[in-house]
There are 2 protein chains.
Amino acid sequence: MSRGDRRPTLETVAALAGVSRATASRVINDQPVAPPSRRAVERAIAEVGYVPNQAARSLVTHRTGLIALVLPESSTRVFSDDQFFPRLIQGVSQELETADEQLVLMLAGSATSRERIERSAVAGRVDGVMLASLHGTDPLSGALAKSGVPVVSNERVLGPVEVPSIGVDNRGGARAAVEHLIATGRRRIATITGPSDMIAGMDRLDGYLEAIEGAQEPVVASGDFTRASGEAAMTRLLAEHSGVDGVFAASDLMAEGALHVLRQNGFRVPEDVALVGFDDITRAAHTDPPLTTVRQPVDGIGRHLASQLLSLIAAEPVEPAITLTTELIIRDST
Amino acid sequence: MSRGDRRPTLETVAALAGVSRATASRVINDQPVAPPSRRAVERAIAEVGYVPNQAARSLVTHRTGLIALVLPESSTRVFSDDQFFPRLIQGVSQELETADEQLVLMLAGSATSRERIERSAVAGRVDGVMLASLHGTDPLSGALAKSGVPVVSNERVLGPVEVPSIGVDNRGGARAAVEHLIATGRRRIATITGPSDMIAGMDRLDGYLEAIEGAQEPVVASGDFTRASGEAAMTRLLAEHSGVDGVFAASDLMAEGALHVLRQNGFRVPEDVALVGFDDITRAAHTDPPLTTVRQPVDGIGRHLASQLLSLIAAEPVEPAITLTTELIIRDST
DNA sequence: CTGAAAGCGCTTACAG
DNA sequence: CTGAAAGCGCTTACAG
């Protein structure tokens, strides 16, 4: 079929099969139809290469078959060497495989793009949206939720609106990391934090503080989850706090950065300074020395995000918040 | 508005403004309307928070306002530390900013996902699709083109169908790189190739062969653009070909891998072995030593992809193929 | 400039 | 099991 030809409609198919549009529609939607009619319709569909017009369908069913994963980051941050998003997407895709929904990614880096996305969702262009990696009290979640589109988020959402969320036990994971450092004899344990406007950043810091409390004086250097920020933070720790012999970095990437700086400055890991990361990205097992870290089930977050959203779309009850467990993976950096 | 409430329709707005649906529609679509009517409608829209139903609109206009960027890769490869995709997306977004189109990313990693995407496009879910990073004679381009959806591709498309494409001068870039190595006195220049089923891989190898022809015996080690493949290839070169004093790697990532292996084996760059990459990713300027490389305008590819597609959608004539120039950036690795 | 009406291509009670 | 008919929410000639 070349461009400009009219695509065949249900009408075409029905006429060719010698049945009504209603019957043709029923075989397409897998509803009971007498076998001979069914066969005739199927033959007609194959013959003309019929594909239902999605707009017409959506107009009556109020479903589009599209689910959006909105990433409120610029493309550069989304496609960084942090393996969070690919793993998340893998989990989401896995869950969506069976559902008849197509995943679309929308990047909400700029103001105009977020506005466009908000309007898209409200205009009924998608059946639901998953929000990931929100910063601060991002108004996007509120706007979407208020408009009536089903929304779910990873990590709990800050702000007035309630959005079902899937998080991990950031606090418990961080606590386990720090307790491990304490248990292995470290006397001066610092932390390199994530962004202070993200749940994952806030909660991992809280976990550190809870564990360190009463035992040692807290030493905090802030970062933003990136390797560069880990390097900068470690450099500052070395310059401003002597005697640090243990570091809990709130991401593996920052831990890598810290490791690099430590070695450049002649510190042995773990002999002089023990190091724990968070995430358990693939490379964590291949650093030198392999990195002790807190594993979080990123694909699990993805799967739960998708299944919760699917439930929401089906108007089924959902958990207001799910927290997945984290696990301390002990390697050679501690 | 809570979930379950009926969203207001044009009818609601028209009634409230005391005009017909046609008039209300006209103000929404920015067509001439008497100022008083316009004001009344605008007030009504604001009052009820009206947003046009996209499905109804699409049904009559045959436009969805959605443009797909289809990436025929698993999410892991798309989100690698190769900065190709983010830069491409940046260019695309830039161009789309003014057009009233929302960019959606679709990952076509698995067989079921490509089938779903194909059906989506044919069903008229998107106004057009951009294909990037195709492998071999991927049937996706053919299927889409045949269905009548406007399609464009980065790099020319292998196979029977004609799809407008935007590529870069891979061959010329590679030639310039190798000629530079020859001109600076390298006597035994090897290449580390990209995937043999991708245009970028094939053409950069051709450029190398063209330049080396007659002057030296070609030495070829194959890779797939990733850092790991660059390491492996360099290791093989060292083991199997003595005397190599120059290397042209078809990607900066592979060049980085090669650099790593060279230094581990005690070779100095550029004194013992000169090295040229391809891409000019950000890190190329920060390796030790900074990498000589062939810069390709990835954001330019993105911008042209989008503008060509927009033209195609508007039924305007487009170039069948555009080739952007590359530029040799000389740094300290040669 | 404006409105009545047709039509886009489907699905879904409803009646048989 | 099947068909006639209504309706989803818009846009757009057409006539005025």
Side-chain angles (χ1 to χ4, degrees), chain A residues 1 4-42 44-45 48-66 100 119-120 122-125 127 148, chain B residues 1 4-42 44-45 48-66 100 119-120 122-125 127 148:
Chain A
M1 187 174 63
D5 289 354
R6 274 266 144 278
R7 276 175 43 202
T9 69
L10 234 208
E11 186 69 54
T12 326
V13 170
L16 190 60
V19 299
S20 71
R21 252 159 48 223
T23 298
S25 175
R26 288 189 187 103
V27 352
I28 287 159
N29 292 293
D30 252 326
Q31 283 162 22
V33 164
S37 304
R38 176 175 297 276
R39 276 194 300 274
V41 172
E42 279 165 351
I45 288 175
V48 300
Y50 172 72
V51 180
N53 177 309
Q54 186 57 43
R57 232 171 177 177
S58 296
L59 187 53
V60 17
T61 60
H62 297 290
R63 290 285 292 272
T64 64
L66 255 32
D100 205 29
R119 292 180 61 87
S120 278
V122 177
R125 266 213 189 98
D127 292 334
Chain B
M1 185 175 62
D5 289 351
R6 273 266 144 276
R7 274 175 44 201
T9 69
L10 235 209
E11 185 69 53
T12 325
V13 170
L16 190 60
V19 299
S20 70
R21 251 158 48 223
T23 298
S25 174
R26 287 189 188 102
V27 353
I28 286 159
N29 292 292
D30 252 325
Q31 283 160 25
V33 164
S37 303
R38 175 174 298 278
R39 277 194 300 275
V41 172
E42 279 166 351
I45 288 175
V48 300
Y50 172 72
V51 179
N53 176 309
Q54 186 56 44
R57 235 172 174 176
S58 296
L59 187 53
V60 18
T61 60
H62 297 291
R63 288 287 293 272
T64 64
L66 255 33
D100 204 29
R119 292 180 61 87
S120 279
V122 176
R125 266 212 189 100
D127 292 334

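Please read all numbers here as calculations on a predicted model, not as lab measurements. Letters A, B, ... mirror the listed sequences (proteins, then strands); counts begin at 1.
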*Would you mind telling me which residue lines up with the more 5' stretch of DNA chain C, A:A55 or A:Q31, judged by nearest nucleotide?*
A:A55
*asked:* Within the supplied structure, the quantity of interest is the number of heavy atoms (other residues, nucleotides, ligands) at a distance under 6.0 Å from B:R119 CZ; does it exceed 12?
replied: no
*Whole angstrom value for the distance that separates P of C:dG9 from CZ of B:R57*: 18 Å
*Expressed as a whole number of Å, how far does the P atom of C:dC1 sit from that of C:dA5?*
23 Å
*Which one, D:dT11, C:dC10, C:dC1, comes nearest to the side chain of B:V60?*
D:dT11
_I'd like to check B:E42 versus B:V33 (side-chain heavy atoms, cut-off strictly below 4.5 Å). Are they in contact?_
no
_Rounded interatomic separation in angstrom, taking CZ from B:R63 and C1' from D:dT12_ = 16 Å
*On DNA chain D, check which nucleotide each of B:A56 and A:V33 is closest to and give me the residue with the more 5' one.*
A:V33
*Nearest to side-chain heavy atoms of A:Y50, which nucleotide of C:dC10, C:dG9, D:dC1*: C:dC10
_Quick check against the 3.5 Å criterion: does A:R125 have a side-chain atom that pairs as donor or acceptor with the backbone of B:Q54?_
no
_A side-chain contact here means heavy atoms from C-beta on lying under 4.5 Å apart; do A:D100 and A:R63 qualify?_
no
*Using whole Å, report how far CG of B:N29 lies from P of D:dG9.*
17 Å
*When you measure from the side chain of A:S25 to the backbone N and O of A:R21, does any donor-acceptor pair fall under 3.5 Å?*
no
*Under 4.0 angstrom, heavy atoms only, what part of the nucleic acid is A:S37 near: base, sugar-phosphate, or nothing?*
sugar-phosphate
*Would you name the heavy atoms of A:P52 and A:I28 that are closest together and state the gap between them?*
CG-CG2, 4.2 Å
*How close do B:P8 and B:V48 get, heavy atom to heavy atom, and via which atoms?*
CG-O, 3.5 Å
*asked:* Could you tell me how far apart A:R125 (CZ) and D:dG9 (C1') are, to the nearest whole angstrom?
replied: 15 Å
*Output the residues of residues 19-28 of chain A in contact with DNA chain C, where contact means a heavy atom of the residue under 4.0 Å from an atom of the strand; sort by number or write none.*
A:R21, A:A22, A:S25, A:R26
*What pair of heavy atoms forms the shortest contact from A:R57 to A:N29, and how long is it?*
NH2-OD1, 3.1 Å
*Between C:dC10 atom C1' and A:Q54 atom CD, what is the distance in whole Å?*
10 Å
*What nucleotide, of D:dT12, D:dG9, D:dT2, holds the atom closest to the side chain of B:T61?*
D:dT12
*Give the rounded distance in Å between these two atoms: CD1 of A:I45 and P of C:dC10.*
11 Å
*OP1 or OP2 of D:dC8 less than 4.0 angstrom from a side-chain nitrogen or oxygen of B:N53, does that happen here?*
no
*Quick one: B:L59 CG to D:dG9 C1', roughly how many Å, whole number?*
9 Å
_Length of the CZ-C1' vector between A:R38 and D:dT2, whole Å_ = 13 Å
*Specify the closest pair of heavy atoms between B:D127 and B:H62, including all atoms of both residues, with the distance to one decimal.*
OD1-O, 4.3 Å
_If I pick the P atom on D:dT2 and the same atom on D:dA6, what distance separates them, to the nearest angstrom?_
22 Å
_Per-nucleotide pairing state of DNA chain C [Watson-Crick or G-U, under 3.5 Å; [ ] pseudoknot-crossing; | other strand]_ = |||.||||||||.|||
Side chains of residues 12-20 of chain B: which donor-acceptor pairs under 3.5 Å do they make with residues two or more places apart or in other chains?
{"residue": "B:T12", "atom": "OG1", "partner": "B:T9", "partner atom": "N", "Å": "2.9"}
{"residue": "B:T12", "atom": "OG1", "partner": "B:T9", "partner atom": "O", "Å": "3.1"}
{"residue": "B:T12", "atom": "OG1", "partner": "B:T9", "partner atom": "OG1", "Å": "3.4"}
{"residue": "B:S20", "atom": "OG", "partner": "B:A22", "partner atom": "N", "Å": "3.4"}
{"residue": "B:S20", "atom": "OG", "partner": "B:T23", "partner atom": "N", "Å": "3.2"}
{"residue": "B:S20", "atom": "OG", "partner": "B:T23", "partner atom": "OG1", "Å": "3.3"}

